[in-house]
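Below is one structure, written out as structure tokens; comments come after it.
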Amino acid sequence: MTTSPLENLHEETAQLLARIESLDSIDALVEAEPFIIGKRSVLSTMQKSLGGLEPDARRDAGAQLQEARRNVEDALSRRRAHLAELARRTQLEKDRLDLGDVVVSSVRWPATTGHASLVASTQRELEDVFVAMGFTVSDGPEVESDWYNFEALNIPPAHPARGMWDTFYVELGEPETVVLRTHTSPTQIHLMESAVATSSLPIHSVMPGRCFRRDTPDARHLATFHQIEGLVVDRGITFADLAGVIETFTQAYFGTDISSRLRPAYFPFTEPSAEFEVTCTICRGEGCRTCSHTGWIELGGCGVLDPAVLSAVGIDGDEWSGFAFGFGIDRCAQMRHQIADMRALIENDVRFLEQFS
Ligand code: DAH
């Protein structure tokens with residue numbers, strides 16, 4: 001009796017299915033596939049041996065083999081899908097980002113506390129310099145009436161000098177009567193008024209604060225900026241006192257290698273008036289883009305109080321005289337720290353801010 005070529009079919013199929021289950025990666029599956037189902041497989045060998053059978057027996061055996069092959073193929077494709085899913089999950093697990101993780105080795109660790117902005121710390125330093133010279137520190141409102149910002153400072157309505165300040169008007173009351181202060185000078189008026197009301201002359205005070213102008217920002221200008229105003233009202237005050245204060249301030253704040261100069265200028269509230277300039281620290285006076293190639297940077301204005309201002313607040317100009325000045329805090333910071341473009345002060349770039357912690 002001849003043995004059937006399919007005698008071991010069940011056993012072989014069971015072995016193939018077990019082998020398929022033991023494949024643990026797609027790579028292993030791809031490698032084993034030809035031996036499980038391809039030309040080199042037991043099933044193919046069995047297929048070839050069917051040739052010698054009687055037609056009926058061959059048909060039966062063929063059908064059995066076909067079924068076994070289908071089972072093996074199904075098992076193989078299920079295993080393939082399972083291994084692919086496994087690989088996908090492993091990758092996902094690897095890529096997972098734990099947002100609750102604390103990255104201990106990050107550059108920003110340990111966390112730092114914030115610090116005052118360069119403008120705020122400059123304001124404090126300037127106040128310190130003036131306090132050391134015997135000044136008090138006062139402040140005033142950022143929204144002003146036309147009277148404080150202009151009229152009391154000897155700038156009547158429609159006076160051409162109003163063109164010196166590009167004003168933001170606030171929609172309040174009559175048109176053009178309420179403004180965002182264009183300079184800190186209106187605080188002088190508040191201070192003199194209250195000194196008159198409380199009979200507390202003389203005044204030696206500085207008034208730092210935020211100002212606003214309809215300016216297009218550039219290397220030396222911001223639309224929102226800071227000034228520090230100075231006011232002295234006393235007996236026998238002259239321009240020489242003013243020049244002495246400006247010189248003392250420059251040396252104390254910028255150091256002795258920076259020169260300052262006063263140039264004749266016009267301001268409606270002082271007579272005589274001057275512009276106060278320092279050597280441009282970006283180019284050390286050589287001339288550059290920041291100083292418009294002049295070698296000098298204007299910090300502000302100053303002068304002897306105009307009698308019209310004293311009389312606007314009811315101070316007797318025969319008994320009292322005084323001087324005033326007002327200059328840019330942002331400009332002082334810019335020159336002290338050689339910042340070529342003032343816009344860096346408001347851009348909030350941490351790399352810039354961190355230099356001044
Ligand atoms: N308020 C002027 C400005 O912003 C600067 C100024 C000039 C202030 C002369 C003064 C002064 O107190 O006396 O342009």
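Counting starts at 1 for both ligands and their atoms, in listed order. Computed over heavy atoms, backbone and side chain alike; hydrogens, waters and symmetry mates excluded.
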Check: [X] ring centre within less than 6.0 Å of [Y] ring centre:
{"X": "F276", "Y": "F325", "value": "no"}
{"X": "F150", "Y": "F269", "value": "no"}
{"X": "F249", "Y": "F130", "value": "yes"}

Residues R59 and E54 bridged, charged N to O under 4.0 Å: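 Answer for the salt bridge query: no.
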
Does NZ or CZ of R336 come closer than 6.0 Å to the centre of the six-membered ring of Y253, within 45° of the ring's axis?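 R336 over Y253 ring: yes.
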
Could you please provide the protein residues found below 4.0 Å of ligand 1 on a heavy-atom basis, arranged by chain and number?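 Ligand 1 pocket, heavy atoms under 4.0 Å: W165, H183, S185, Q188, R213, Q227, E229, F267, F269, T270, G301, C302, G303, A324, F325, G326.
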
If you group Ile, Leu, Val, Met, Phe, Trp and Tyr by side-chain heavy-atom gaps below 4.5 Å, do V137 and I189 land in one group?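 No, separate clusters.
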
